Participant: 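I have a structure here, written as structure tokens, and I will follow up with some questions on it.
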There are 2 protein chains.
Amino acid sequence: MDPFFQVAIEEAQKGLLEGGIPIGSALVVDGKLRSRGHNHRVQKGSAILHAEMHCLEEAGRLTPREYRNSVLYTTLSPCDMCSGTALLYKIPKIVIGENQTFQGPESYLRKRGVELVILDDAECIKLMDNFIAAHPQLWNEDIGVI
Amino acid sequence: MDPFFQVAIEEAQKGLLEGGIPIGSALVVDGKLRSRGHNHRVQKGSAILHAEMHCLEEAGRLTPREYRNSVLYTTLSPCDMCSGTALLYKIPKIVIGENQTFQGPESYLRKRGVELVILDDAECIKLMDNFIAAHPQLWNEDIGVI
């Protein structure tokens, strides 16, 4: 398995162990792991720290050139917020664990020039299936669904 | 002047006094001020705390119903990240101070059903014009431009 994707899965599992939403992310810049992150809605009472956002925040202030030479890994298809952030920084490629339990604006991302790789990873699907079944209201809050 | 928009301007001015990027925001839920925020790139070394993001984080975890009864105020046209966040939470209306010094994906927001009110506020334009002239590189970093 791609070792950077493995980092994203480890982050998702870490979030689950903390009692949080099991979504993880990793940012690779110039071929090297720059940062890792996971969803912090529960842990920090955060409305904005989705896994990808936490990962990008952990990376700190990067230059536009660094973002353009990066790959964002995430265990789940990025939502409107996280997709918008990738567009802001012109991150050219996102590797996505799965898009079966939730799908963000993938066609819009592609239209704006972002390369998406969908892995259809069984472990990611299982993590989300189990979580959504156990905590449907928390999951709906995370994606703004009534 | 709309008192909630005045809050957003005060936040922008506060950011400027802190040595930061002068963009401010306010979130109104059910007709009442819920939170306020400003850009924290400089102050916290943050890649994600644009004014709107800081404001939404300060609001804490809201219910989908609360977001649907909210208005987001911002002194500057929201970028891809902040626009995406409004879409995630289905915030129905954004009041924007100005879109002359920078313009986010406004047509996309409208297409997705968000009402935008552009105020063309002279104070907001002046704040950004002065800041961009003094700190062009910092401004480019904030909006991902090389």
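Every chain is numbered from 1, with letters handed out A, B, ... down the list of sequences. Worth saying up front: this structure is predicted, and the values here are computed from it rather than measured.
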Participant: Could you measure the distance from the SG atom of C79(B) to the CG atom of L87(A)? Nearest 0.5 Å is fine.
Facilitator: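 Result: 10.0 Å between the selected atoms.
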Participant: First locate atom CD1 of I143(B), then atom OH of Y89(A), and finally report the distance between them rounded to the nearest 0.5 Å.
Facilitator: 10.5 Å
Participant: Heavy-atom distances under 4.5 Å only: say whether I91(B) touches chain A with side chain, backbone, both or neither.
Facilitator: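 Contact with chain A is absent: no heavy atom of I91(B) under 4.5 Å.
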Participant: With a 4.5 Å cut-off on side-chain heavy-atom distances among I, L, V, M, F, W and Y, is there a chain of contacts connecting L27(B) to L116(B)?
Facilitator: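 Cluster IDs for L27(B) and L116(B) match.
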Participant: So, applying side chain to side chain contact (heavy atoms under 4.5 Å, CB included) with D80(B), which one of R112(A), M81(A), K90(A) is it?
Facilitator: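 Answer after filtering R112(A), M81(A), K90(A): R112(A).
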Participant: Could you give the distance from CE (M53(A)) to OG1 (T85(B)), rounded to the nearest 0.5 Å?
Facilitator: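 If I round to the nearest 0.5 Å, the distance is 5.5 Å.
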Participant: Mind checking the NE2-CD1 spacing from H50(B) to I48(A)? Nearest 0.5 Å is all I need.
Facilitator: 11.0 Å
Participant: Give a yes or no on whether F4(B) and M1(B) share a hydrophobic cluster (residues Ile, Leu, Val, Met, Phe, Trp, Tyr; joining criterion: side-chain heavy atoms under 4.5 Å apart).
Facilitator: yes
Participant: Which region of R41(A), side chain (C-beta onward) or backbone (N, CA, C, O), has a non-hydrogen atom less than 4.5 Å from a non-hydrogen atom of chain B, or is it both or neither?
Facilitator: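 Looking at R41(A), backbone and side chain both touch chain B.
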Participant: On a heavy-atom basis, which atom in R61(B) and which in L138(A) lie closest, and how many Å separate them?
Facilitator: NH2-CD1, 3.5 Å
Participant: How close do A47(A) and G60(B) get, heavy atom to heavy atom, and via which atoms?
Facilitator: CB-O, 3.7 Å
Participant: Keeping the roles fixed (side chain from Y108(B), backbone from Y108(A)), state whether a donor-acceptor pair exists under 3.5 Å.
Facilitator: no
Participant: Compute whether any side-chain donor of one residue and acceptor of the other, for S46(B) and E57(A), lie under 3.5 angstrom apart.
Facilitator: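 Checked: S46(B)/E57(A) side chains pair up, N/O donor to acceptor below 3.5 Å.
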Participant: Are V117(B) and L33(B) co-members of a hydrophobic cluster defined by side-chain heavy atoms under 4.5 Å apart?
Facilitator: yes
Participant: If you count heavy-atom pairs under 4.5 Å with chain A, which of R68(B), Q137(B), E58(B) comes out on top?
Facilitator: R68(B)
Participant: Determine whether Y73(B) and M128(B) fall in the same hydrophobic cluster, where Ile, Leu, Val, Met, Phe, Trp and Tyr are linked whenever their side-chain heavy atoms lie under 4.5 Å apart.
Facilitator: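 No: no chain of side-chain contacts under 4.5 Å links Y73(B) to M128(B).
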Participant: Please report the interatomic distance CG(N140(B)) to OG1(T63(A)), rounded to the nearest 0.5 Å.
Facilitator: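 That separation rounds to 12.0 Å.
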Participant: Determine, using the 4.5 Å side-chain heavy-atom cutoff (strictly less than), whether L109(A) and L88(B) are members of one ILVMFWY cluster.
Facilitator: yes
